Each structure stands twice: as C-alpha cells, then as structure tokens.
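Here the structure comes first, spelled out in structure tokens, and everything after it is commentary.
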Amino acid sequence: MEEKKVAATSESVSAENNKKQNAKKTNNKNKKPNFFKRIGMKFKDIFSELKKVNWPTFSKVVKQTGIVLAVVVIFLVVITGFDYGISALLGLISK
C-alpha cells in the first residue's frame, strides 16, 4: 500500500513540475521581442531574400521590355479598330 502511495505522490510531483515547465515555455512563446529587434530581424530577412534573387541581365530586360511594348501596340491597334468599327455602325444606325 505504501509503495502505491509513494508512486502516486511521485507521479503527482512530476506532473506538477511538467505543468510549471509548460507554463514557462508558453510564457516565453507568448513574449515578443521588442520593436527594434523585430524591425532588425525583418530587414535581415529582406536582405537575405534579396541575395537569393536571380536578377536578369540588361539585354534580357531590354528584350522583354520591347516585347511588352509590341504587345501593347498590337492591342492598341485592335481596340482602336473595334472602336472605329462600332462608331461607324452607330453612325449608320443613327442617320
């Protein structure tokens, strides 16, 4: 009987210790670093990500810019043609 009481007592003591340790861990997790440390960590993360970026060469940028401008001009011509056609149809209808 006494062995069971001793075992139960040691289990309850260890359970209480575990609860205290878990409470300390959650308190540490809930605490945020101060404002300046968080800003510093954010800048550090930003610069580390910028180092990983694969920047294009100048010739590639110029080539892709030319492609974008060509597509914009093509869409400009197409939309202008539709606009002119629709206005001509409306002119015929409204006479």
Side-chain angles (χ1 to χ4, degrees):
M1 281 272 274
E2 288 182 26
E3 290 177 12
K4 288 182 182 179
K5 287 182 183 179
V6 171
T9 306
S10 65
E11 287 177 6
S12 64
V13 169
S14 65
E16 287 178 23
N17 288 338
N18 286 338
K19 285 181 185 178
K20 288 179 183 178
Q21 287 176 351
N22 287 337
K24 286 181 182 178
K25 286 180 184 178
T26 56
N27 284 340
N28 288 339
K29 286 182 185 177
N30 291 337
K31 288 185 180 179
K32 287 194 239 180
N34 69 24
F35 177 74
F36 296 108
K37 282 188 180 182
R38 287 185 300 191
I39 296 294
M41 288 189 305
K42 187 60 77 174
F43 275 113
K44 186 178 177 182
D45 291 342
I46 289 170
F47 285 119
S48 68
E49 286 296 322
L50 283 175
K51 288 179 184 177
K52 296 177 187 177
V53 173
N54 187 10
W55 297 100
T57 61
F58 181 74
S59 62
K60 193 172 188 178
V61 170
V62 170
K63 197 180 292 185
Q64 290 177 349
T65 303
I67 292 170
V68 169
L69 291 176
V71 169
V72 168
V73 168
I74 290 169
F75 274 101
L76 176 74
V77 170
V78 169
I79 291 173
T80 304
F82 278 128
D83 184 47
Y84 180 75
I86 290 173
S87 65
L89 286 175
L90 285 174
L92 291 174
I93 293 172
S94 66
K95 277 189 178 180

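Nothing here was measured: the structure is a model prediction, and the numbers come from that model. Each residue takes its place number in the sequence, starting with 1. Computed over heavy atoms, backbone and side chain alike; hydrogens, waters and symmetry mates excluded.
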Quick one: [atom1] on [X] to [atom2] on [Y], what's the gap to the nearest 0.5 Å?
X: Q64; Y: K60; atom1: CD; atom2: NZ; answer: 6.0 Å
X: L69; Y: I74; atom1: CG; atom2: CD1; answer: 11.0 Å
X: K63; Y: T57; atom1: NZ; atom2: OG1; answer: 8.0 Å
X: D83; Y: I79; atom1: CG; atom2: CD1; answer: 9.5 Å

Give the cluster check for [X] versus [Y]: same hydrophobic cluster or not, with ILVMFWY residues linked at side-chain heavy-atom distances below 4.5 Å.
X: V77; Y: I67; result: no
X: F82; Y: F75; result: no
X: V53; Y: I46; result: yes
X: L76; Y: V71; result: no

Item to complete: Answer yes or no: is there a side-chain heavy-atom contact under 4.5 Å between V61 and W55?
Response: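 Not in contact.
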Worksheet item: Mind checking whether E49 and D45 have side chains closer than 4.5 Å, heavy atoms only?
Response: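 Result no, sub-4.5 Å side-chain heavy-atom pair not found.
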